[in-house]
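Here the structure comes first, spelled out in structure tokens, and everything after it is commentary.
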Amino acid sequence: MKEITFKINGQELTVPEGTTILEAARTCNIDIPTLCYLKDVNEIGACRMCLVEIAGARALQAACVYPVANGIEVLTNSPKVREARRVNLELILSNHNRECTTCVRSENCELQSLATDLGVAEIPFEGEKSGKLVDDKSDSIVRDESKCILCKRCVSVCTNVQNVAVLASVGRGFTSQVQPVFGKSLADVGCIRCGQCIVNCPVGALKEKSDIQRVWDAIADPTKTVIVETAPAVRASLGEEFGYPMGTPVTDQMAAALRRLGFDKVFDTGFGADVTIMEEGTELLGRVTNGGVLPMITSCSPGWISYIETYYPEFLPHLSSCKSPQQITGALLKSHYAETNGIDPKDMVVVSVMPCTAKKYELKREELKVDGIPDVDISITTRELARMIKEARIIFDKLPKEDFDDYYGEYTGAAVIFGATGGVMEAAVRTLADILNKKDIQEIDYEMVRGVQGIKTATVDVTPDLAVKLVVASGGSNIDKVMKQLQAGELADTHFIELMGCPGGCVNGGGQSIVPAKEKMDVDIRAERAKALYVSDAKITKYRKSHQSPAVIRIYEEYLGEPNGHKSHHLLHTTYSQKPKLV
Amino acid sequence: MAYKRSQILICGGTGCTSSGSMVLVKELKKELVKHDILDEVEVVATGCFGLCELGPVVIVYPEGTFYSRVEAADIPELVEEHLVKGRPLDRLIYTEKGDGHHPLSINELGFFKKQKRIALANCGVIDPENIDEYIGFDGYMALEKVLLTMTPVDVINEVKASGLRGRGGGGFPTGLKWQFAHDAVSEDGIKYVACNADEGDPGAFMDRSVLEGDPHALIEAMAIAGFAVGAAKGYVYVRAEYPIAVNRLQIAIDQAKEYGLLGENIFDTDFAFDLEIRLGAGAFVCGEETALMNSIEGKRGEPRPRPPFPANKGLFGKPTVLNNVETYANIPAIILKGAEWFASVGTEKSKGTKVFALGGKINNTGLLEIPMGTTLREIVFEIGGGIPNGKAFKAAQTGGPSGGCIPASLLDTAIDYDNLIAIGSMMGSGGLIVMDEDNCMVDVARFFLDFTQDESCGKCPPCRIGTKRMLEILERICDGKGIEGDIERLQELAVGIKASALCGLGQTAPNPVLSTIHYFRDEYEAHINDKKCPAGVCKHLLDFKIDENTCKGCGICAKKCPADAITGEKKKPYTIDTAKCIKCGACIEACPFGSISKA
């Protein structure tokens, strides 16, 4: 590759051709402030915070999109640059709802950090504010235009990464806004509620619909048995909210914290994930042997379910009829657990902690209710759990290590890796291979389906006679490519497809801890958090295959009978239907 | 071709069309039939002559008699007198100085005398809907010359040597731009030629006039550009508000295709070129080149960061050469008459001519083309005929809403790109608005900023929020609520926005404010410190008063007042309740004795 030599703040620097000034500056420890920049996703030079002076250029230039050229001289800290950045930041702040102390993003706000770092002491240009609307109709996402700085990171993520494109710029000049089409609510425009807009928003303009108070109310209600289940990916991100390095699993402190918050039982969604493998694996085998609809596609991700129901409804028969692990756990808690403990399910409140905002919608789906009773009552995100822990003044990092409660708190390594893209597939293959070969296979690290690559294809020789063709994809735009292949008949000989709504799977879900765009320049959060899960799988969990879990074996022996049996179908399977793109 | 003894040219530009010129065409033909001389006299609807103020305009050749403000009812007499009896109809001939002198030829008019028409050469001369007339005026000869005798590099060198600079605002050397697009590598070999006809400056209609009056010149020039840079496809981006221009351009494209002047194997060479019109929805920002290309691609009209420049990565990601209509309109003449001829017109760094749309407080509102280097004074007082009603010239604003205001002390500035920049304004696309003593310069700055902030695309904060904040400050100054430090705040914002906005719209939006503060700071200070508007424009700073010495107590003012703010007894001086007065000025207009004043 060609090399470029140029000067930055008087220092000579050589970088590969095509490197932007922003990237080049980072290599010599010069930080350039940014707001709209989101590596590989939103590189539009809009926010003007990264302006630098280039000798001879007419105006200041945006470092995030300016490729270095031989011989240019860049100044990142000249009086002109500092002045322009300050005025620009003051202007942005003058049109921003600055109720920072009560903002959900306080202390994790990129705008607030910049104002502090650049020493903005006053806002000399106060005036009218353009954003007034707060859209909280969606079950999952609240959009507050008074805080939006129009960086369009959400627009780019929603359009280019997720291929959903329900957010766009509308209007002109001072009145321009980021909005769904026709000024409608996010609830009415084919949003899949993945929450990728939230985790990529630099400020508090997008946030989850908070259910914290409902959880506190349930815990405080003496007539209710309040049970919590936590998804595998949560433990890979929760620590970030308490200062742990990314990728540190905090499973044991989390269990301890949940108990101290007042939950009556602390269980794990991994239990439901293991049951999912039994149900989904059996369903797949059934389809393969009985000539059912293939390829079969996973149904764990509610973002993906909304995507197919809204944009590819003709392929709904490909979906596994299995409920997601959140729902399976909830359904078994409200049936088996309730029966064995003599509790009326109506007096139970099942709370799920999820890396996901779409789960808040999923639990409300009528199709998922059993005899009119929802499997799960309240779903909160990783971020909401952290807020509850902070509000309860629990000193998280000093907590003793504790386990989940028995039985429903037991899970295998196969369940843990559900949180990363390819994990469901790997877990399923582990069980399928054992069952079909009737032995306990030891080589179970299926590396070909691991990793952050958007689309992965593999053929696994499960038995000498059966080569299973697999496709794994995550994130809307990758999903869309797979669906287009399916449409074109290119996946006719594929058996099983795992699709997850968020890029990288649940570890990078819309409910996870929010990482500033600057950190994402250096760290791939999908890979870092996934590491925590694979470490748990390899080193921590006692069992690594779902069918070997004693809890799973027991629930089938004691209650469900057999996978895909009558009881399973009643409790653990569901239906899908086309959903409108526009309400 | 049949022999015609007379030719009647009727302006078919948008201005004259809206004052009824197309009705005149019908009436004329009717009368000619009546006198049975239809086959002796040719009636042609042309493009714009330039003197829009006097429309509808009719010129009768061979005499070149210039009739102005002709109405349908005048036609029978005009035909009877001029065409049957052979004596020009004096009462309709334009008398420039109101001195009764009826110039027989338009060439005698001061409006035309100092002009030099290159880009507009055929406007008002030929029938724009007839390709034969264009060919009759050497049309498509430049393309033929280029294709048969020149290489692309020859063409680029010729354009470079001519010194032609972009007429759309930036003034970038056209030949250099073509060179960049020529040198740019396109992986699949596809390159594009594009034309910016999204004339967004309010009051400017240079490009529209070329499209309406001489569309083939644009087609020919774009084909030449295509040959020079290696493009086989061109797009003309025209605003949908220009229906006549769009229609004539489409007719011209169709005719050119029919004649084999567009399409495959042009002039039997292997050069192929095709043109397509894309309509814009009228956003000012779509005149910015990268926003324009986004719009052609079907995306939201928002500017893209540069680099990459269009010459390397333009339309659909391909190397693209983008010029505006007027720039292209100069090309055929440069090719035919040579770079040296073109470069002999104009100043050292600004060659050729420039078309201006002259408006505001000026007698000859219209379109003019002058050699670069003509002074502002010549434009305003000779070509423009001075300020109406004997008022004093105060300022001229060039460069559209993003230009600056030039005061009377700089009237002798020779107009070219660099001189205008040096005095805080710019060439822009050629809007020229004249202001007189009755214009408040703070109000003027407010007006232009109101336009640009409204037309901002909203992508970058300096433009989206900064221009709004500037407007808010200007509004409060005009409302008498200006506070100390507002001028400095405006300057700080202006400098910040100019340095940091993403595109030309934002980078130039503060110009009217900066230039009016620079040249008319006393007016700002009067508004802020004394709460007075010296020009008597800003309503909140005015008090209406009835002079009790001259008021006859007729009560007309009280009757006209829509706010019931005037009371009094008949035959005694009336008074105005300033608390109720809405400062509409109806009373001043109504008073038969001039007894009411504002100050």
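All chains are named by letter (A, B, ...) in the order of the sequence lines, taking the proteins before the strands, and each is independently numbered beginning at 1.
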Is there a donor-acceptor pair closer than 3.5 Å between any side-chain N or O of [X] and the backbone N or O of [Y]?
X        : Y        : result
B/Asn196 : B/Gly287 : yes
A/Ser156 : A/Arg153 : no
A/Arg143 : A/Asp135 : no

Is it the backbone or the side chain of [X] that comes under 4.5 Å from a heavy atom of chain B, or both, or neither?
X        : value
A/Phe174 : both
A/Val170 : backbone
A/Glu126 : backbone
A/Ala46  : both

- request: To the nearest 0.5 Å, tell me how far A/Cys201 SG sits from A/Lys152 NZ.
  value: 14.5 Å
message: Quick check for you: to the nearest 0.5 Å, what is the distance between A/Asn200 atom CG and A/Leu206 atom CG?
response: 10.0 Å
[X] versus chain A, heavy atoms under 4.5 Å apart: side chain, backbone, both or neither?
X        : result
B/Arg469 : side chain
B/Arg300 : side chain
B/Glu472 : side chain
B/Lys468 : side chain
B/Ala283 : both

Chain B: which of [options] shares the most heavy-atom pairs with it under 4.5 Å?
options                            : result
A/Ile149, A/Asn95, A/Thr175        : A/Asn95
A/Cys36, A/Cys47, A/Gly45, A/Ser94 : A/Ser94
A/Leu51, A/Val81, A/Leu89          : A/Leu51
A/Leu60, A/Val87, A/Val65          : A/Leu60
A/Gly171, A/Pro124, A/Ala62        : A/Gly171

I'd like to know which of [options] tops the heavy-atom pair count under 4.5 Å against chain A.
options                                : result
B/Gly485, B/Gly301, B/Cys463, B/Gly458 : B/Gly458
B/Pro303, B/Pro461, B/Cys457           : B/Pro461
B/Glu492, B/Gln507, B/Met470           : B/Glu492
B/Pro308, B/Pro462, B/Gly496           : B/Pro462

Are any of the side-chain nitrogens in [X] or [Y] under 4.0 Å away from the carboxylate oxygens of its partner?
X        : Y        : answer
B/Asp418 : B/Arg165 : yes
A/Arg172 : B/Glu455 : yes
A/Glu83  : A/Arg86  : yes

message: Can you tell me how the ring of B/Phe284 sits relative to the ring of B/Phe451, calling it parallel under 30°, perpendicular over 60° and tilted otherwise?
response: perpendicular
query: Can you tell if the side chain of B/Leu176 reaches within under 4.5 Å of the side chain of B/Phe172, non-hydrogen atoms only?
result: yes
- prompt: Would a 4.5 Å heavy-atom cut-off, applied to side chains only, mark A/Thr19 and A/Thr27 as touching?
  reply: no
